[in-house]
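Down below is the structure, laid out as structure tokens.
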Amino acid sequence: MTTATLFNFSYDPATGRNSLPAPPGVRRILIVGGGTAGWMTALILARSLIEKGVEITLLESPIVPIIGVGEGSTPWLRGFFDSLAIEESEWMPACHATYKCGITFDGWSTRPGFERYFHPFASMLDNLTLKQFIHNVEARVNGANLYAHPDRFFIAARLAAERRAPKSPENFPFDIWHGYHFDAVLLGQYLHKKALERGVRYQNGHVTHASLDESGAIASVSTREGETLTADLFVDCSGFAGLLIDQALRTPFVSFASNLFNDAAVAIPSPIPDSIPSDTVSTALRHGWAWKIPLTSRFGNGYVYSSRFCSADDAETELRQHLGLMDADVPARHLKMKIGRVTRHWNKNCLAVGLAQGFIEPLEATALLFIQQTAARFVEFLERGDLGEEAQERFNHGVNEHFEGTRDYIVTHYKTNTRQDTEYWRANAANLNLSDDLKTLYSLWMAGKSIAPAVGEQVLGKGYPVFSWYSIMAGMGIFPDREALRAPTASEARFSLEEIDNLLKRSCANYPDHRQALGHIPPRRAEPTLQVYFG
Ligand SMILES: Cc1cc2nc3c(=O)[nH]c(=O)nc-3n(C[C@H](O)[C@H](O)[C@H](O)COP(=O)(O)OP(=O)(O)OC[C@H]3O[C@@H](n4cnc5c(N)ncnc54)[C@H](O)[C@@H]3O)c2cc1C
């Protein structure tokens, strides 16, 4: 029997807090940068360390703005707020936030019947249908003419289709591990306020210089305002600038440019109607893809593209056409992206978090998860007083595996595309810069074998769980051509789609309209741990 949980990392509200003293030699921590990474890290560190007498200061430049994009999350953001005992009813309205059931991918595949699919967040209800999904997918890969598109098997896809919120009422026992959409600037301001309330100190100052000690570690940073700040630990949250991890420590950077071509984006907001969707939509365009993220106040939209294939002007025009905003007087923001990761996220006495440590294009909205995991994992090492060379190696290895597994999942969106309309899409499909793990996974799939054990054993599983891999491969329609399919055997056709439809339809009716749910966000309740199995 193959058993797989839907998620690789379990969230435990008890971690990041114990009564042990802070490790000797860690009395002052200086975080450089006040974007989402800086404030999330400040709050995660503060929760564990302030009561142990550690002083945490966040230093932010008065002249460099935050990146101000990044408006979708994975379900793990819920664990972040829960661990800080911050209620949805408090932070969501303050950040114009909405619930997210998952991501709709539109126009990535041209295979008939697979032009659109949904990558769902998991639900306990999926325990009842996941087995049937995997069974049908594997039978279809082996030539049986069975229904195997993911959307009919997952409650989150249905909730999104009906614009319902993934919030079950008190008397309905099935939890959904949902994500959020939010205004990035408001979230930054909210976290800033919360961090100050919890004892983090704040200072304005533009860093111009870092001094190293004789061991090559950071001794101090100096600001344009004439101050020199020392600390025991430095956290680099300075964004793509990588002031400490890159400019001061010269930590090598591993570029993912040969795997993932996109390196630029343009963003434009648009009005939102009364009825608010509960999914992100990712639509494939000529040289990349457009995001559409619903907030309570507006849609956030953007086009992520490759500057090798498309100019900034052409990208803006295509996005405006896509949004029907050709004549609208709404300014666009153009951004550059550096895709890859540093080799050592924790290097000497410096931890890099957020864009400073690396970035994978935002197709699955994973950046905040990296921030959260990097900071939370670092706290675990601090809590144990595990700060030596060998601990750093282990820490960096874990973060790197998470990066590689996530990269490979993102690569799969491009590698499996069948669009022929531009050189961009053809080059992506033809790209042979694939990790060995990814090559193994594709060969198993093409040979009609289960990919579950390989995902579990490989780095791939460190990025995405088994059901996500089945969802993407099936959602993109990676099956034998329709004409080549044969009638299923009785054993292959043993699951009734009608039963699944009825079950999910009945369940769906218990979840509220999204807009209504946003008007009445209930206080937190004891949430059961979400574990979903198939076997
Ligand atoms: C197009 C795009 C879309 C994205 N979409 C998503 C998404 O949907 N979901 C998701 O999770 N993530 C997304 N991200 C990533 C997300 O935006 C970032 O991970 C997140 O905002 C954290 O950024 P940061 O705090 O690392 O950097 P920034 O926001 O750039 O903050 C850098 C900070 O460093 C400070 N600083 C810089 N230089 C100095 C200096 N010399 N002295 C002192 N301070 C300095 C700045 O003042 C600022 O406060 C997206 C990114 C891009 C580019």
Side-chain angles (χ1 to χ4, degrees), residues 30-42 57-77 80 100 103 179-189 191-192 202-210 221-225 227 229 234-248 262-268 280-282 288-293 295 300-305 315 319 332-339 352-375 406 410:
L30 181 70
I31 300 171
V32 176
T36 316
W39 290 115
M40 282 180 76
T41 305
T57 305
L58 187 145
L59 175 68
E60 184 184 21
S61 167
I63 50 174
V64 182
I66 64 164
I67 194 153
V69 283
E71 309 206 309
S73 86
T74 64
W76 293 98
L77 194 62
F80 169 76
K100 175 176 173 185
I103 306 176
Y180 304 97
H181 306 111
F182 43 82
D183 181 306
V185 173
L186 294 179
L187 180 67
Q189 289 166 1
L191 297 176
H192 179 155
Y202 176 67
Q203 202 167 330
N204 240 242
H206 182 78
V207 174
T208 50
H209 181 73
V221 296
S222 306
T223 68
R224 201 182 56 159
E225 292 75 10
E227 276 203 79
L229 292 98
F234 292 82
V235 186
D236 187 349
C237 294
S238 63
F240 283 129
L243 285 180
L244 307 182
I245 199 77
D246 176 19
Q247 295 187 38
N262 295 339
D263 60 356
V266 49
I268 306 179
T280 298
V281 178
S282 156
W289 58 276
W291 77 77
K292 192 172 193 79
I293 289 185
L295 310 183
N301 309 284
Y303 183 9
V304 175
Y305 63 95
L319 179 62
R333 278 194 63 206
H334 288 267
L335 301 135
K336 283 290 196 192
M337 306 186 303
K338 185 171 148 195
I339 306 297
V353 188
L355 299 174
Q357 75 181 128
F359 182 52
I360 294 173
E361 66 152 86
L363 189 55
E364 293 276 353
T366 46
L368 265 53
L369 170 59
F370 279 104
I371 295 170
Q372 193 181 335
Q373 294 259 335
T374 304
T406 303
I410 303 299

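Note that the structure is predicted; figures quoted are calculated from it, not measured. One-based numbering, in listed order, for ligands and for the atoms of each.
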Starting from atom 19 (O) of ligand 1, locate the nearest protein heavy atom and write down its residue, its atom name and how far away it is, to 0.1 Å.
Ala367 CB, 3.4 Å

Minimum-distance protein heavy atom relative to atom 44 (N) of ligand 1:
Ser61 N, 3.1 Å

Is there a heavy atom of Gly302 sitting under 4.0 angstrom from any atom of ligand 1?
no

Treating Ser73 as the side-chain partner and Gly179 as the backbone partner, does any N or O pair qualify as donor plus acceptor under 3.5 Å?
no

Is the closest N or O pair between Val69 and ligand 1 shorter than 3.5 Å?
yes

Hey, is ligand 1 close enough to Val32 that some N/O pair sits below 3.5 Å?
no

In the protein, what heavy atom is nearest to atom 28 (P) of ligand 1, and what distance, to one decimal place, separates them?
Ile67 N, 3.6 Å

Top protein contact for atom 39 (C) of ligand 1, by heavy-atom distance:
Leu243 CD1, 3.6 Å

Min N/O separation Ser73 to ligand 1 under 3.5 Å:
no

For atom 1 (C) of ligand 1, find the nearest protein heavy atom and state the residue, atom name and distance (0.1 Å precision).
Ala265 CB, 3.6 Å

Answer with yes or no whether Gly68 contacts ligand 1, where contact means a heavy atom under 4.0 Å from a ligand atom.
no

Between His192 and Tyr202, how do the two ring planes meet: parallel, tilted or perpendicular, split at 30° and 60°?
tilted

Leu77 versus Met40: any side-chain heavy-atom pair under 4.5 Å?
yes

Atom 27 (O) of ligand 1: closest protein heavy atom, distance to 0.1 Å, is Gly239 CA, 3.5 Å

Of all the non-hydrogen atoms in the protein, which one sits nearest to atom 49 (O) of ligand 1, and at what distance?
Gly34 N, 2.8 Å

Answer with yes or no whether Trp291 contacts ligand 1, where contact means a heavy atom under 4.0 Å from a ligand atom.
yes

For atom 22 (C) of ligand 1, which of Ala37, Gly354, Pro62 has the closest heavy atom?
Ala37

For the backbone of Thr57 and the side chain of Gln203, can you confirm whether one donor and one acceptor N or O come within less than 3.5 Å of each other?
no

Do any N/O atoms on Pro362 end up under 3.5 angstrom from N/O atoms on ligand 1?
no

Where is the nearest protein heavy atom to atom 47 (O) of ligand 1: which residue, which atom, and how far?
Val64 O, 2.6 Å

Short list, please: which atoms of ligand 1 are under 4.0 Å from a heavy atom of Glu71?
7 (C), 8 (O)

Heavy-atom donor-acceptor pair, Thr208 side chain to Ser222 backbone, under 3.5 Å
yes

Quick one, Ile245 and Gln357 - any side-chain contact, counting heavy atoms below 4.5 Å?
no

Considering non-hydrogen atoms only, spot the tightest contact between Glu364 and Ile410 and give its length.
CG-CD1, 3.5 Å

Decide whether the shortest distance between a heavy atom of Thr36 and an atom of ligand 1 is less than 4.0 Å.
yes

Phe359 near ligand 1, heavy-atom distance under 4.0 Å?
yes

Run down the list Ser238, Gly38, Ala356, Gly72 and name the one with the heavy atom closest to atom 9 (N) of ligand 1.
Gly72

